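One structure is given here, and the rest of the page talks about it.
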Amino acid sequence: MSAIPIPERPPHLSAAVARQLEQWISEQQLPKGAQLPTEKLLCEKFGVSRAVIREAISRLKADGCVTTRQGSGAYVAARPGQGSFRLLHGPSPSATIPTDEISNVFELRCLVETGAAERAALRRTPADLARMREALARMDDALATESDAVGDDDAFHVAIAAATHNPHIERFQAFMGRQFSDSRAPTWSGEGHRSGRVRQAQAEHARIFDAIACGDADAARTAAQTHLVCAARRLGLDPLRWGNERLEWAP
């Protein structure tokens, strides 16, 4: 099965500058309310144009790291790590994202979702299993009719997180789904149905559910890990660098 091509491109310059500026704020230990240097000084410091600096400031403002006052400048709103959190730094969720950034998010998903599946196997209730089963059934229907079920795919993974009975895990998984739902779109596309990607993904979902239903925490973790590795490979990514060479069964 051929991999889905993902366009390679360097990160936006403004995104790189935003990260550098955020790092500089941290290194300088600037407190909340501290005023940032003028645009002119920031242009000189980072060697970029005013337009790039303005876009970088806008990114940090969207993340809750800085605030702006008309005619006055930009100010630290929160220390780095204390503002809002976004996974993907493209201008919009559907924008072309660098492959390395997608791979990093998949690695994060692997760490979170394998642990969630393991704990779900230990803590799930009949109601939790019913919620997962309903999402699986909707995906089965979509498989049969060759229709889109991205939302149901998201719902299945949120249902697993909910079965941990840790509300923070459930909220984080819901956040992850909103941030990275586009990664599931190729699987549920017309070409995904024709190529067999949907059938493969649904078989992986079934393995996760069966392990959780049986209360087998080790099997649930392995099934979830394998699903993420296979999903990454379907997007043309190389998950070997995550240290997943010890999978119990090959995709």
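Quick caveat, the model's predicted, so the values are computed rather than measured.
- When atom types are taken as modelled, the side chain of Arg124 and the backbone of Ala120 share no donor-acceptor pair closer than 3.5 angstrom.
- Within the 4.5 Å cutoff, no side-chain heavy atoms of Pro167 are placed close to those of Phe172.
- Side chains of Lys61 and Thr67: no donor on one and acceptor on the other come within 3.5 Å.
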#### Entry: Test side chain to side chain contact (heavy atoms under 4.5 Å, CB included) applied to Glu204 and Thr226, step by step
CA-CA 8 Å; Glu204 294 158 12; Thr226 302; 5.6 Å; no

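- In the hydrophobic clustering of ILVMFWY residues, with side-chain heavy atoms under 4.5 Å counting as a link, Ile208 and Val150 come out together.
- Annotation: side chain of Gln200 is in contact with side chain of Arg234 (closest heavy-atom distance under 4.5 Å).
- The existence of a salt bridge linking Glu146 and Arg199 is excluded, since no basic side-chain nitrogen approaches an acidic carboxylate oxygen closer than 4.0 Å.
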### Task
Give the intermediate values and the outcome of side chain to side chain contact (heavy atoms under 4.5 Å, CB included) for residues Trp188 and Arg197.
CA-CA 8 Å; Trp188 291 99; Arg197 285 196 300 267; over 6 Å; no

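- Listed here is the closest heavy atom pair of Ala56 and Ser14: CB-O, 3.5 Å.
- Atom OG of Ser147 and atom CG of Asp152 lie 8.5 Å apart (nearest 0.5 Å).
- Two residues are said to be in side-chain contact when any heavy atoms from C-beta on lie closer than 4.5 Å; Ile53 and Val48 meet this criterion.
- How far NZ of Lys45 is from CD of Gln20: 9.0 Å, rounded to the nearest 0.5 Å.
- For the pair Ile25 and Leu36, the minimum side-chain heavy-atom distance is below 4.5 Å.
- Under the 3.5 Å distance criterion, the side-chain polar atoms of His193 are left unmatched by any main-chain donor or acceptor of Val198.
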#### Entry: Check against side chain to side chain contact (heavy atoms under 4.5 Å, CB included), Tyr75 and Val66
CA-CA 5 Å; Tyr75 297 80; Val66 305; over 6 Å; no

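- Between the CZ atom in Arg19 and the CG atom in Leu21 there is a gap of 12.0 Å [rounded to 0.5 Å].
- Shortest non-hydrogen contact noted between Ala121 and Ala220 is CB-CB, 4.0 Å.
- Between Arg131 and Val158, the closest side-chain pair of non-hydrogen atoms falls below 4.5 Å.
- Here the straight-line distance linking atom OG1 of Thr114 with atom CZ of Arg221 works out to 4.0 Å at 0.5 Å rounding.
- By the 30° and 60° cut-offs, the orientation of the rings of His205 relative to His157 is perpendicular.
- Taken to the nearest 0.5 Å, the CD atom of Glu118 stands 11.5 Å off from the OG1 atom of Thr164.
- Of all heavy-atom pairs between Cys43 and Ser49, the closest is SG-C, 3.6 Å.
- Side chain of Thr222 to main chain of Ala219: no donor-acceptor pair is present (N/O by atom type, distance under 3.5 Å, no hydrogens or angles).
- Across Met139 and Asp153, no two heavy atoms sit closer than the pair SD-CA, 3.6 Å.
- Between Leu129 and Phe209 the shortest side-chain heavy-atom distance falls below 4.5 Å.
- The OG1 atom of Thr38 sits 3.5 Å away from the CG atom of Leu41 when rounded to the nearest 0.5 Å.
- For the side-chain contact (heavy atoms from CB on, under 4.5 Å) test with Val52, the passing option among Leu42, Leu13, Ile57 is Leu13; the others fail.
- Counting only heavy atoms from C-beta outward, the side chains of Asp128 and Arg123 never approach each other to under 4.5 Å.
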#### Entry: Verdict with supporting geometry, Lys40 and Glu44, side chain to side chain contact (heavy atoms under 4.5 Å, CB included)
CA-CA 6 Å; Lys40 182 176 183 295; Glu44 294 172 355; 2.8 Å; yes

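- In summary, Glu55 and Arg50 do not engage in a salt bridge, as defined by a charged side-chain N under 4.0 Å from a carboxylate O.
- The closest donor-acceptor contact from the side chain of Gln35 to the backbone of Ser72 lies under 3.5 Å.
- In terms of heavy atoms, Ala155 sits closest to Ala135 at C-CB, 4.4 Å.
- At a threshold of 4.5 Å between non-hydrogen side-chain atoms, the residues Gln202 and Leu136 count as touching.
- Across Glu113 and Ala224, no two heavy atoms sit closer than the pair O-CB, 3.9 Å.
- Without hydrogens or angle criteria, Ser195 side chain to Gly192 main chain gives a donor-acceptor distance under 3.5 Å.
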